[in-house]
Every structure is written in structure tokens, then in C-alpha cells.
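One structure below.
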Amino acid sequence: MSAAFVLAQLLNGLQLGLMLFLLAAGLTLIFGIMGLVNLAHGSFYMIGAFVAATLQAWTGHFALALAGGVGAAIILGIAVESALLRPLYRRGHLDQVLVTFGLILFFNEATRLLWGSGGLSMQPPAVLASEIQLLPGLPYPSYRLAISGVGCLVVVLLSLLLGRTRIGMLIRAGARDHAMVSALGVNIKLVYSLVFGLGAMLAGLAGVMTGPIIAVEVGMGEAILIQTFVVVVLGGIGSVKGSFVAALAVGLADSLGRAFLPLLLGGFLAPTTVSAVAPAAASTVIYLLMAATLLWRPQGLLGHRR
Amino acid sequence: MAALLEVRGLCKTFGALAVNQSVDLTVEANQIHALIGPNGAGKTTFLAQLAGDIRPDAGTILFDGTDITGLPAHRRAHLGIARSYQVARLFPDSTVHDNVALAVQACSRWARSVGRAAAGIGELNEPVAALLERVELAHRSRIPAGILAHGERRKLELAMALASRPRLLLLDEPLAGMGVEESQATVALLDRLRRDAAILLVEHDVQAVFALADRMSVLVFGKVLASGDPPTVRRNPEVQRAYLATSGEVPPC
Amino acid sequence: MIPRRLVVIGLIFAVLAAVPLYGADYYTGLATKIMIFGLAALGLDALVGIGGMISFGHAAFFGIGAYVAGLFGKSGIDEGLIVWPTAIAVAALFGAVIGSLSLRTRGAAFIMITLAFAQMLFFIAASLPALGTSDGIGLPHRNSLAGHSLGRAVDFHYVVLLLLAGALALTDFLARTPFGRAVDGIRQNEPRMGALGYNPTIYQLACFIFGAAVTGLAGALVANLSLFAAPDNLHWMTSGTLLVIVILGGVGSLFGSVLGAAVLIVLEEVLAEVTDHWMMILGPVLIAVVLFGGNGLAGFLLRRPHGRTS
Ligand SMILES: Nc1ncnc2c1ncn2[C@@H]1O[C@H](COP(=O)(O)OP(=O)(O)OP(=O)(O)O)[C@@H](O)[C@H]1O
Ligand SMILES: [Mg+2]
């Protein structure tokens, strides 16, 4: 096993972690501020990817696709929030879960109706289509690096927004302690739309960015949503910083688990057994990480206890 | 003899608000210890920490010599601490009888209670009736707790707290909302309870406090201003000043 | 006078018992499916409606029951008296592990964690060759009961009917015991129950395990109905479906689960006739029911709900 291979896996993990963070940040803020458990958060991720893939197929421009995909996610997010979800904030979790589950059913089927069930594919922009030589003997897709770059940029912008601006600090305080929400000021509805729009935007952005390296298909939203839940719980509900740490941990654990578990198991199992067991074992890594964290810190890494 | 309850240096802050600042307090067995103080002084928060509903930031709580600071609420209940709430916390849809039954049943081990099943519910009737008799609610036992009058809820809270035969009762304004007669009857009941349990009594009704308390402490802005036997505390100039400054009331001398 | 609730339950079971007498095998199969999903949702209703624990991963136990039946089928054991209790026991065991981890938290985190653990089991089932990967495991034929074949749809139907009735009676009974009342009290006000001396986690865990066991039995039965144990049984969509059945039927009503299953399954059949994209209709219908529907069908039939969510 070469150092180059390890480095490549670390980069893959970083990239997955950053994308998970984009979803988790929105989800955790929405729960923190509005008290809403939003199962349909993955739908914004899916819509972003579908709209972007379509725009790219029409125009051939990645930048246009990016803007369109993110824009569609924002518009959909704000529309859903103000039309449907607002009355849910004061209701119990059960109602929230069921309504947002209903939304998933609707969005998934509507997507199937509009785009068919075959799924779409997206290409990276031409300038990033090649591989670059990171180290001697380590070619790495430059687009994957670009994803991580965009992810890092968002992390910086988000931390400036939440740490340096007045509204951002209020939002962060409100997310950590629900009682603080009343201190957010008179125009609470605007804050709700803002936070939800921000969350949808980040999810849409993640969808567009991930589009070229995965299959754009119905159900992609829920696959990543469940991983995002692991991140949110691991980081501590309501804590953006916690989500960041947890997202990187989950991203790395997943990538490294998939790469190294077969090698590890190969140490004491027959090759046929390894190829039978390894995929199952690799997909459980992040859930075991979650279970261990629950035993050790039920409130999550940076969550706080009553 | 060691005190039944000994609290040392209890601290609790909510955000920037220091609600309890290094509170020391001891309650002797079979005594009524009154805890008074103006609104927002941190009395309810203090009781909640003793009962285990809120975790203190610092300090220790000793009950009968053992450190219970980190114990969950139900373990403290098993040790003999019971609590009534300032805002009555009942099960509004259940009847008065069923509310008390729930409290009585808590004292039996849970595994047995599964097996006892439906017949077991009848078994609870006797102790429930006795408790309701004690707080003079027997005539209301079949109505839902949610429609009780204010003072009656207080009595029901008290009955539920008594169900476990506690050694220490934490009572948060048990007389609030009661009429004169109800209030007198409850004071008499508390007076009798002294034989079975120690009571930490948070109460604004000054007359009742002075009628009942063996010792008292005054909490102002989260700090204990004075502690001792009632006449001494009453004469304490700091206490008088604090009361004048914050609420305008003077403890009657 | 007989309580209205018992009358309604009696009517439901009378209808279910009458289906094979008047309907074709297709309708009998449909009714059996309704009962099995009703049973699965009954286990979830014990959690949600009585215990106040919102699990979005309850399909885990449905799938576990199905796979137990599938694995037995593969190894040639088809006696229901062996297969079904084993399914119950294995589901309960998994319930104990998943429940005790998930109950380290409450509220929103609990929802997410139960979903995550179910997803983990889904991935395992979908990738382990021993479990047939994404193809699942086929059953050669239906389980027998004490040596009697249940190959005829009618026989299987009545066995499921009896199991459902038994499970419903047992759940109802337990809900009225001191234990059930304590669980119900914890749902209403957990800190209060703690102060009274109850250890909320232990009661909730017991309730969780019970719900898992009931749904595990339903899983073994569904594998018998379709002669198949598939990863789909563990899929989050199935978890969502079970929750939908519970809310359609009326949270905490227990018997409502059967009604909810009937409505959902019949609606599915009817809508699927009309359009391939019937989920586009189901989604908004579900949203409308949650927002404006009161306490489900049971609430509508009884007008005095037995339990409610906080
Ligand atoms: N969970 C909480 N979060 C934030 N602040 C709180 C919380 N609970 C209480 N407080 C604040 O702590 C202070 C003390 O409250 P507490 O209820 O202990 O006072 P108290 O002495 O019981 O008053 P009262 O006589 O009115 O019952 C109050 O200012 C209250 O607003
Ligand atoms: Mg108070």
C-alpha cells in the first residue's frame, strides 16, 4: 500500500465530509431555529442536481447549470417553507416527520414524472475534466479537488456569516438554545425564510457539485440524508461547528473504511470471505461510529446537555 | 448527628444569568426548613437541582451522607426525596385517583408491576384512598386532574409526593392558590408530617412560614443572605434591606 | 352497554373473517396483507402512541422477521411454531440493542438514530451474500402450523387473523397494566415520572422491545405471504409506510393500525390502477391528513382519543 493511495483516500474522505457538511449545516440550523425535523432536506439536494444536469445538457455551460440548480433549490425551499412548513413549527415531531415524508414522496415521484426513472448524468466543467498529478504516482481527478475547494470556501463564508455578522450570531445563538429564538427580533418570519433558504441553498449546491461524480437519480436525496442524520447526531443537534467536525469524521471513516477494511479483513479471513463480507462491513462503519459516540457522549460531540 | 441534606457550593447559571451562586444549605431530619426569597431569586432552580431535574454546574449535594450530585432523578426518589412543583405537573387526562396510583406504583419494583397486571391496579386502591384522605381530596378522586381548582391541584401534588413515604420533601409553594381554610388545613398537615419527614419549604406566605419553620434561609439573587432560626433571620438587617429593596415587603417582625 | 371501541373492533374482525367466505383469492390475499401490515404498525403504535417514541426505523424489525423466515426456509425448516417465535425473539434482541443505544437520546435525535440503524441493517442485508444481497431470500413454500400446511390462502388468512387478534388483545391488556400506565405517563411527562421514582429509560426500552417483537412477527408473516424476504422490507420507505399507517389509523388507538393499513393498501391498489405516479397523489393526501385530519380513523370513529402525541 503506497502513501499515494492513502492520500487519495484521505482526499476522497475530505470531499465526502465537506458535502455532508453542506447538508448537515442547513439541517442542524433549521432544527435549532425552527425546531423542525426536516426529512425532505435531501429533496433540495436532488432537485439541485436534476436541474443542473438538465441545464448543462441544454446549454453545455457548467456555471449556468450551477446557478440554475442552486437557484431552483432556494426557490423551492422558500416556497415549501412559507406555504407548508410554517404551521408545523409549533407541532410535534411526529407531524413534522409525516408531512416531510409526504413531501419526499411527492418530490421523488414528480421528479420521476418530469425526468423519467432512468436518471441523468452530469459532466465536470471542461477545465476540470482532467486528472492532475498530486504526487509522483498519484493522479487525482481535478474536479474532486475543486469540490473540496468549494466546500472549504463555503465553510469559510458560513463561519464569517455566523461568527461575524449580527444576524448570523443571532441565528447561531438561537440554534444552540431554542429559548433564544425570541431574541431574534420582530421579523421572525424573515429569519425563518432566510435560514430555510440558506439550508436549501447549501443542499442544492452540494447536489450540483456532487452531480458529476455520482449518478443523478431519484432516491439520491435520501441516501445522503441518512448519512447527514448521522453527522447531525454525532456533532450535536443545533451545533454548526459540531456538524463540521462530525462531517469530516464521517466522510473520512466512510472512505477509509471502504478502502482499508478489505485489506484489514484480508489479514485473517479467506479472500472469498473477504469479498463477501467487506462491502457489508464497510457500509456499517459510520453507524458503528455513531453507536460508539452515543455511548460516550449521547448529546453529540459539541452538543450541550440540559 | 449528620444532617439529612447537606448542600455545599451549589452553582447554576443560565446563559449569563447566575441563578444559584455557591449556595450552602443544610436540612436536619424531621425539621421544616423554609427557603424564602423574592421572585426570581433562584428557589425553584435550587429545588430542581436537589431533585435531579437540573444538573448543577458546580457543588455537591449530600443526602444522608451519600453524594447524590450526579444521580438521575429516579434514583434520588428511591433514596427518599420527593418533590412537588410550583406549577402543578399532573397528568390532566387521568383521574385524581389514577394520578396518585401512578405515584404509589412507582415505589414498587417495575418488573413486578408488569406481572401484577390488571388485578394489580386494584391492589393500589387502598394506599391511594388513604393518601387522598390525608390531603382531603377523597371526594374528588373520580374526576380528571385537569379540571381541579388551583388549590386542589396543590393538594394532589402533595399526595403524589407523599406516596413514596419520602424522608425529604421538597415543596415549591404548596400553599399558593389556596383559600384560607384550605391553607390552614395544609399547614396543619405539614406540621404533622414533620414526624415522618424533613421538609424544605419554599413559600411566599410569610405567616405560614413563621408558623412552621424550625429553621430558615433567605435566598436573594442566587445567594444565601442569612440562615438560622426564624427570629434571628427576621431581625437580620441585611434581610430586611434586601426585602425592602427588591419587593417592598417587610417580613413581619 | 358494550363500549363503542369494542363494537368497532368486533366489526373490523367480522369483516376480515368474512372476506374469504365471499371474496376471491385475490381479495383474501389483500385482506391478509392488510392484517400483516396492521400487525406491523401495531408494534410501532405501541412505541409511538403509548411510549411516545417516534421511530423512523421500525422497518428494521419487520425485515428481521422476514429474514428469519427466509433463512429458515432456505435451511428447510418450515414449522411456524419454530420460525415465528424465533422471529419474535430475534427482533426483540435487535430491539434491545438498537433501543438501548437510541434511548441514549430523545426527540429529534431519536428519530434520526432509529432511521440510521435501520439503514445500516438495510445495507448489510443488501450486500451480504448469505442474505441474498439485493435479491433477498426466497421461501420454497409457506410455513406449516403444527404440521398442518398453510398453503391455501384461506388457511393462512385465518391464522394471521388469530395472531393479529392475539397481539392486539395482548397490547391492549399491557397498556392497562401498571406497566402500561407508567409508559403512558412517561410519554405525557417524563421528568415528572422521574421525580416519582420511575426510571424512564427502562420502561421505554421495555416498550421498544415489545414493539420490535410484534413487528418481527409481522415480518415473518409477510415473508410467508410473498414467499420472499427482501431488503425492501428493511427500507426506510417501509418505515415511513408503517408510520403513515399508524397516523391514518389514529395514534395510540392500537386497533386503528388495522384500519390505517386497510386505507393505505386499498388506496395504493386503486391509485396504482389510475396512474403509475400514484405517490404524487399519496404524498399530498398524507400531508392533508396530518395537517387537518385530527386523530385518524380511530379518532373519527370514537371521537374520544385514547392517546395522543405531544
Ligand atoms: N431554564 C431556564 N433557562 C433560563 N433561565 C431560567 C430557566 N429557569 C429559570 N430561569 C431564570 O432563573 C431565575 C430564577 O428562577 P427561579 O424559578 O429559580 O426563581 P424562583 O426563586 O423560584 O422565583 P419565584 O418566586 O417567582 O418562583 C429567573 O430569572 C428565571 O427567569
Ligand atoms: Mg419558583
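Just so we're on the same page: letters track the sequence lines, and every chain starts at 1.
Nearest heavy atoms, B:Ala77 versus C:Gly194: CB-O, 4.2 Å. The two residues C:Ala182 and B:Gln105 have their closest heavy-atom pair at CB-NE2, 3.8 Å. Between B:Asp53 and C:Pro191, the shortest heavy-atom distance links the atoms OD1-O, 4.2 Å. When all heavy atoms of B:Tyr85 and C:Ala195 are compared, the closest pair comes out as OH-CB, 3.3 Å.
Counting non-hydrogen atoms of other residues, nucleotides and ligands closer than 6.0 Å to CZ of C:Phe110 gives a total above 12.
Heavy atoms closer than 4.5 Å to chain C are found in both the backbone and the side chain of B:Ala103.
When each of B:Arg75, B:Glu157, B:Arg76, B:Arg83 is checked for heavy-atom pairs under 4.5 Å with chain C, B:Glu157 comes out on top.
Between the C:Gln188 side chain and the B:Phe91 main chain, no donor and acceptor come within less than 3.5 Å of each other.
Atoms NE2 and CG, from B:His78 and C:Asn199 in turn, are 7.5 Å apart once rounded to the nearest 0.5 Å.
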